Amino acid sequence: MANKHESMHIDPYEKTWIIVSILMLIVFFGAVTVAGLSFGVRVPDPVQRVNPNDLAASGTFAEPGLKEVAPKRYEAYIVAQTWSFNPREIQVPAGSIVKFYVTSKDVQHGFKLQNTNVNMQIVPGQVSSLAVKFDKPGEYDFICTEYCGIGHAAMYGKVIVVP
Ligand code: CUA
């Protein structure tokens with residue numbers, strides 16, 4: 001038994017790694033804070049709950065698609081299902097802000113919109129939402145990022161931004 005007045009013995013290597021671990025926590029915490037506050041990295045909000053077995057009764061998802069809410073401001077309602085997105089393609093003019101609302105009819109899917117910071121998990125019963133401003137004309141593919149069965153790799157669509 002060690003004398004209780006003796007200070008706790010910590011191996012120097014162990015001490016170094018404890019300090020390194022604490023520094024890493026501080027760095028990661030700082031990185032998350034900077035990403036959130038300065039670079040606009042946002043966690044997608046689950047904005048609404050819907051009945052996945054009866055999307056026709058959920059109003060906005062009864063007829064998925066693009067809705068213009070103001071000049072160059074749109075809402076896109078997209079339904080994910082094995083193995084496609086409905087609609088598969090939407091078109092907006094450059095400079096538009098599009099707020100995406102995505103839900104699933106069946107199993108868990110993903111919605112990643114390339115060259116933007118949109119990457120959401122799509123869970124049946126829940127609506128995921130994020131907004132994007134499309135400054136540059138071009139094509140932005142969206143793909144399913146959660147393995148959802150044999151047709152997963154074929155589950156994609158695109159946003160076309162026209163000048
Ligand atoms: Cu849907 Cu993978």
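Since the structure is predicted, the reported quantities are computational estimates derived from the model, not experimental observations. Whatever order the structure lists ligands and atoms in, that order sets their numbers, starting from 1.
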Of all the atoms in Tyr147, is at least one N, O or S atom closer to atom 1 (Cu) of ligand 1 than 2.8 Å?
no
Give the atom name of whichever N/O/S atom in His152 sits closest to atom 2 (Cu) of ligand 1.
ND1
Please say yes or no: joined through hydrophobic side-chain contacts below 4.5 Å, possibly via intermediate residues, are Leu55 and Val127 part of one cluster?
yes
If you check every N/O/S atom of Glu146, which is the one nearest atom 2 (Cu) of ligand 1?
O
Side-chain ion pair, Lys67 and Glu75, N-O less than 4.0 Å
no
Do Thr16 side-chain atoms and Pro12 backbone N/O form a donor-acceptor pair below 3.5 Å?
yes
Please assess Tyr156 against Phe85 for the test ring pair (Phe, Tyr, Trp, His ring centres under 6.0 Å), listing each intermediate value before the final yes or no.
CA-CA 7 Å; Tyr156 59 88; Phe85 289 104; 8.8 Å; no
Does a side-chain heavy-atom distance below 4.5 Å link Thr145 with Phe111?
no
Restricting to N/O/S, name the atom of His109 that gets closest to atom 1 (Cu) of ligand 1.
ND1
To the nearest 10 degrees, could you say what angle atom 2 (Cu) of ligand 1 makes with SG of Cys148 and SG of Cys144?
120°
